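Heads up, the thing below is written out as structure tokens.
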Protein chains: 2
Amino acid sequence: MVPTVTLQTIADIVGVSRSTVSRVLSDQQNHHRISARTAKSITLTAKELNYIKNEGARSLRVKKTSTIGVIVRDITNPFYAQLVKHIDNALYQEGYTVIISSTGYDLAKERGHISFLLSRKVDGIILSPIQKSYENVLLVKEHDLPLVLFDCKIDEIESDYVVVSNEASSANGVNHLTSLGHRKIAYIGGDQDDSNNRLRFAGYKKALTHAAIPISEKYVRHGSYTFRHGFSAAKELMHLEDTPTAIFVANNRIVLGTYKGILDSSKRIPGDVSIVGFDDFETAAMLASPLTVIRQPLEEMAAIAVDLLLTKIKSGNRPPYVVNKLDTELIFRGSTGPVN
Amino acid sequence: MVPTVTLQTIADIVGVSRSTVSRVLSDQQNHHRISARTAKSITLTAKELNYIKNEGARSLRVKKTSTIGVIVRDITNPFYAQLVKHIDNALYQEGYTVIISSTGYDLAKERGHISFLLSRKVDGIILSPIQKSYENVLLVKEHDLPLVLFDCKIDEIESDYVVVSNEASSANGVNHLTSLGHRKIAYIGGDQDDSNNRLRFAGYKKALTHAAIPISEKYVRHGSYTFRHGFSAAKELMHLEDTPTAIFVANNRIVLGTYKGILDSSKRIPGDVSIVGFDDFETAAMLASPLTVIRQPLEEMAAIAVDLLLTKIKSGNRPPYVVNKLDTELIFRGSTGPVN
DNA sequence: TAAGTTTGCGCAACCGATTGCCCCGATATT
DNA sequence: AATATCGGGGCAATCGGTTGCGCAAACTTA
């Protein structure tokens, strides 16, 4: 067992007090005059002993941890993985360390992770909350911790937000389909409690209405953001007597299932049915029918989230709150074509 | 600003001492007799004030943090994302919280993250190290911190390991190709410093030798675990005068590039060239030519890594060290076919 | 040479929680 | 009535660093 090296260890060896060691190792010699010899001797023994400052102890005293918590719904979703990577990079630049956690759409785990972050006294949280319930978000607010929510918009909660223009983006995607002549357009979406899903669905409806197409319930499949849901919904749609000629899909996980479900029903993409998906991802372009998708500006979202959070931290978590709504990009690929 | 609620705050309100509050809130009333009335009153006010224990302070005192650091090379790689998810789940069950970080194959960041974990006094680390240099790993060992390395094997470092049978697995994959009649089989791999790459390459060579096929340098492309490398290597191979009829690819990122590079060269899969890739992933089965791949047992790897680590923690980080080598599974799909 | 400055560093309180030990009052025992 | 015993809880040290304040010695300055 390696004995723990603390300030005192070094102080004893060098023959000075803890204070002096602390000052040297915190590089605060500017304010406190310490002889070059003492300083050198301290840094040297610190190196020699592999001294590492106990940040826990330090945080306790200075009441800040220089760490930020980032909680996403599902780290295995490349959308979040990418986002987290960019957030991590940006925060790293600013001298913060990031604690990443993933809830897997489980409220209890979300609560657990938030409690953890609170109990570790992180300086701020960037959170993509599960929207089945927002009590966990309130927990953060109750503790007056700087908070940025992203990839969601909870009307009941005042906070900083980073989102994309979900409604307009979807409308844009669906307009693309109607302009190709499609009139039987289905919607496969996620959780009904999810604000993204609601807004994307709203955009879908708006575009249909704009094209004077009635909304038909039989073409609408809310569910969950999973491959499974996309798969089964697609198969259901393909077995309708009056099958849709196009499908708008609200998320990257669902769209893979949808894709598979369609092929499984012996339909062709885009020959029999066109697809537009929300979210771009690496393999979207490499499928047999490369997917036409709505791409979210991941890096920008991350940068803005970080920026908002740091501003809040520096301001002592004071209002105003800002909702940042970013534009998306429609990437045309091979999964959409004119209606037969 | 919400004033911080501490044990003292509660103690003052209830009219007892910090000690008593601590004992009640730590559920240690077994050892210390505290009247039911006092206890109830304490828990009540704690709830009311939204008290959250300062884990930093607690850790300082009890000298353990109940948190584990997990460092992977690239969280955007679904292989690691999945692994991390499983590790997180397993550790969560055991009452640990996990700090995830991703190095992006950057040694400086790896060092930064390790330093962070050391300074936060995590109870243990699960690490998938960058193998360009292993000084960072030594850093952990110097501090005598329980450590499990995974997805790598560094001969110079004694430690617990979780790996797959890289050599045998590759040989198996390549055998599949030779048994289909292929004799011109290329290898597209990752970093030469990487133990996985070396072993996978060794397996490749072993299988060729076994089939009495000479190793040809022109068919071997080491590089990096990136899409880009896979793409350019594939294009180079496809422009050889004597193009290979099959390619064995050492990782999931590379294989996507390889796939794209082949199609870009107007070759067909598996008509002109067969592919076997290391690592399975969600979309592998959904490409125009579903990929034949070697699947690693992610969940099992995670479980074993966690198990090894917890054992080390409980034993006070004492030897012996164990190297756990797991078997893989060859998943046959459409990207491999008989040679023409 | 006395007074004023500067240099170099230590003292001790503090951050929030834990815990070994002690103590007081009340009831039980003899 | 004197001694044990036990229920209920406080004291104070401790974990490792940080920091306002103070102080002695060395050096200037007049």
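Chain A is the first sequence line, chain B the second, and so forth, proteins listed ahead of strands; every chain is numbered from 1. No hydrogens, no waters, no symmetry mates; every other heavy atom, side chains included, goes into these values. Everything quoted here is computed from the prediction, not taken from an experiment.
- Defined by atom type and a distance below 3.5 Å, a donor-acceptor pair is missing between the side-chain atoms of A:Gln131 and A:Asp193.
- The side-chain contact (heavy atoms from CB on, under 4.5 Å) with B:Ile34 is formed by just one residue from the set B:Val24, B:Val16, B:Ile42; it is B:Val24.
- A:Ser59 comes within 4.0 angstrom of nothing in the nucleic acid, heavy atoms only.
- Applying the 4.0 Å criterion to OP1 and OP2 of C:dC9, one finds that A:Thr20 has every side-chain N and O outside that range.
- For B:Thr38 and D:dG9, the shortest distance from a side-chain N or O to OP1 or OP2 is below 4.0 Å.
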Inset, instruction - Go through the steps to decide whether A:Tyr225 and A:Asn77 satisfy the test side-chain hydrogen bond (donor to acceptor under 3.5 Å, both in side chains), and finish with yes or no. - result: CA-CA 10 Å; A:Tyr225 288 126; A:Asn77 183 332; over 6 Å; no
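- If you check distances only, the side chain of A:Ser19 does reach the base of C:dC11 with a donor-acceptor pair under 3.5 Å.
- Within a 6.0 Å sphere centred on CD of A:Gln8, heavy atoms belonging to other residues, nucleotides or ligands number more than 12.
- Below the 3.5 angstrom threshold, one finds no donor paired with an acceptor across the side chain of B:Arg37 and the base of D:dG7.
- Following rounding to the nearest Å, B:Arg120 (CZ) and D:dG17 (C1') show an atom-to-atom distance of 13 Å.
- Note on A:Arg73 versus A:Asp191: no salt bridge recorded, every NZ/NE/NH1/NH2 to OD/OE distance being 4.0 Å or above.
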Nucleotides 15-17 of chain C: which of its N/O atoms have a protein N/O under 3.5 Å away?
residue, atom, partner, partner atom, Å
C:dC15, O2, A:Arg61, N, 3.4
C:dG16, OP1, A:Lys63, NZ, 2.7
C:dG16, N2, B:Ala57, O, 3.2
C:dA17, OP1, B:Tyr51, OH, 2.4
C:dA17, OP1, B:Asn54, N, 3.3
C:dA17, OP2, B:Leu7, N, 2.5
C:dA17, N6, B:Arg18, NH2, 3.3

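- The distance from atom NZ of B:Lys121 to atom P of D:dC15 is 14 Å, rounded to the nearest whole Å.
- Side-chain atoms of A:Asn89 and A:Gln93 include no donor-acceptor pair closer than 3.5 Å.
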